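In what follows, a single structure is set out as structure tokens and then discussed.
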Amino acid sequence: MAGRTKSPQSVDSRVAEAIRQRGRGSVFVPTDFLDVGGREAVDVVLHRLVRRGMIRRLARGVYDFPKEHPVLGPLAPPAEAVARALAGRDRTRIQPTGAYAANALGLSEQVPAKAVFLTDGPTRTVKIGPTTIQLRRTTPRNMEAAGRLSGLLIQALRELGRDHVTSARLEHLKRTIPAEERRRLLEDLRLAPTWMHPIFRELAGGAP
């Protein structure tokens, strides 16, 4: 009959299939599945899938389809995957910052207990096991390079400080980041503090 609502069983199976398609290691929130069913129905389905052991509840309203290690069992999700789920699908952007940004580029071996991401959405903090993940609302200018190498590099260099950007660290970036990506740094030179301009130019290949 036309206009008939979806049965609970069909919502169950469609949400479970959508999660499988995302793949292990994916992190999601209930609003990711509103194309499958209403919010209340989706919440019920996710609760059932947690009880069955298919997915985990990481924090209030945050779930994952965990990767499994043969010895260690379910693995913790990447902090950035959690941050992206919190930011909301296709609605807001995130930019790693602080010690997390430096670690992401291999400029620091420190694995921070608090992973901070700048966002143009609301501020929010969750704790996932031993790690605190924070979205921190910032200015539009700080988000101009979000999602690009330049944005990550600006935040990592700010964390290190000018005196700690050594030649060894620059050589590491040259080895680990493809030259084509490094050349694009010059496109965002205006967004970087003045003291970073020589660093961007060197990484880009010495272009003026």
Side-chain angles (χ1 to χ4, degrees), residues 22-28 58-59 62 64 66-67 69 72 75-89 92-121 123-139 141-189 191-193 195-205:
R22 287 168 174 258
R24 289 198 173 271
S26 59
V27 182
F28 41 87
L58 299 173
V62 185
D64 80 332
K67 287 186 176 180
H69 187 277
L72 303 176
L75 300 175
E80 189 160 352
V82 176
R84 290 193 182 284
L86 290 174
R89 183 181 60 186
T92 59
R93 296 171 297 164
I94 61 170
Q95 172 60 64
T97 190
Y100 185 84
N103 180 266
L105 284 174
L107 297 175
S108 169
E109 294 183 358
Q110 175 191 358
V111 180
K114 183 176 184 178
V116 180
F117 297 81
L118 303 179
T119 180
D120 50 5
T123 294
R124 186 176 178 188
T125 302
V126 297
K127 190 170 179 62
I128 310 293
T131 304
T132 298
I133 299 167
Q134 181 183 65
L135 299 185
R136 185 181 296 166
R137 186 171 178 83
T138 190
T139 62
R141 180 175 174 80
N142 281 337
M143 295 303 295
E144 279 194 61
R148 301 198 292 275
L149 171 62
S150 54
L152 186 62
L153 185 61
I154 289 169
Q155 297 303 324
L157 295 179
R158 276 181 176 156
E159 173 67 14
L160 293 175
R162 186 185 322 199
D163 294 339
H164 297 282
V165 183
T166 62
S167 57
R169 282 178 162 142
L170 291 177
E171 288 304 315
H172 165 80
L173 292 173
K174 291 175 185 177
R175 286 196 310 271
T176 57
I177 301 172
E180 183 177 346
E181 283 189 55
R182 288 190 276 111
R183 281 193 289 272
R184 294 197 194 106
L185 288 172
L186 296 180
E187 298 171 12
D188 291 330
L189 194 64
L191 300 176
W195 69 266
M196 294 183 192
H197 289 187
I199 298 170
F200 271 51
R201 290 192 175 99
E202 180 176 344
L203 292 175

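Just so it is clear, the model here is predicted, and its values are computed rather than measured.
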Expected list for residues 101-113: side-chain donor-acceptor pairs under 3.5 angstrom, two or more places apart:
| unit_1 | atom_1 | unit_2 | atom_2 | d |
| --- | --- | --- | --- | --- |
| Asn103 | ND2 | Ser108 | O | 3.1 |
| Asn103 | ND2 | Gln110 | O | 3.0 |
| Ser108 | OG | Gln110 | N | 3.1 |

Arg22 to Val27 - nearest heavy-atom pair and separation:
NH1-O, 4.0 Å

Within the structure provided, determine whether Leu153 and Leu185 are in side-chain contact (heavy-atom separation under 4.5 Å).
yes

Quick one: list whatever passes side chain to side chain contact (heavy atoms under 4.5 Å, CB included) with Thr131, sequence neighbours left out.
Ile133

Please check if the side chain of Arg182 supplies one atom and the backbone of Leu203 the other of a donor-acceptor pair under 3.5 Å.
yes

Would the distance check show the side chain of Arg93 and the main-chain N or O of Met143 forming a donor-acceptor pair, the cut-off being under 3.5 Å?
yes

Determine whether Leu58 and Val126 satisfy the following criterion, side chain to side chain contact (heavy atoms under 4.5 Å, CB included), listing intermediate values before the conclusion.
CA-CA 9 Å; Leu58 299 173; Val126 297; over 6 Å; no

Between Trp195 and Val165 the two heavy atoms that sit nearest each other are CZ3-CG2, 4.1 Å

Quick one: CG on Leu135 to OG1 on Thr123, what's the gap to the nearest 0.5 Å?
7.5 Å

To the closest 0.5 Å, what do you measure between OG (Ser167) and NE2 (His172)?
13.5 Å

Least distance between heavy atoms, Ala83 atom then Ile94 atom:
CB-CD1, 3.8 Å

Can you tell me how far apart CG (Leu173) and CD (Glu181) are? Round to the nearest 0.5 Å.
11.5 Å

Please assess Leu191 against Phe200 for the test side chain to side chain contact (heavy atoms under 4.5 Å, CB included), listing each intermediate value before the final yes or no.
CA-CA 11 Å; Leu191 300 176; Phe200 271 51; over 6 Å; no

Main-chain N/O of Thr119 paired to Arg137 side chain as donor or acceptor, under 3.5 Å
no

Contacts of type salt bridge (Lys or Arg N to Asp or Glu O under 4.0 Å), residue Glu187, not counting sequence neighbours:
none

Any donor and acceptor pair, going by atom type alone, linking the side chain of Arg136 with main-chain N or O of Phe117 inside 3.5 Å?
no

For residues 161-171, the salt bridge (Lys or Arg N to Asp or Glu O under 4.0 Å) pairs (sequence neighbours left out) are Glu171-Lys174

Return the set of residues passing side chain to side chain contact (heavy atoms under 4.5 Å, CB included) with Arg183 (not counting sequence neighbours), or none when no residue passes.
Ala179, Glu180

With sequence neighbours left out, which residue pairs that include part of residues 142-160 fulfil the salt bridge (Lys or Arg N to Asp or Glu O under 4.0 Å) condition?
Glu144-Arg190, Arg148-Asp188

I'd like to know if the side chain of Thr97 and the backbone of Gln155 have a donor-acceptor N/O pair within less than 3.5 Å.
no

Is there a side chain to side chain contact (heavy atoms under 4.5 Å, CB included) between Leu75 and Arg24 once you walk through the steps?
CA-CA 10 Å; Leu75 300 175; Arg24 289 198 173 271; over 6 Å; no

Run Ile154 and Met196 through side chain to side chain contact (heavy atoms under 4.5 Å, CB included) and show every step you take.
CA-CA 8 Å; Ile154 289 169; Met196 294 183 192; 4.3 Å; yes

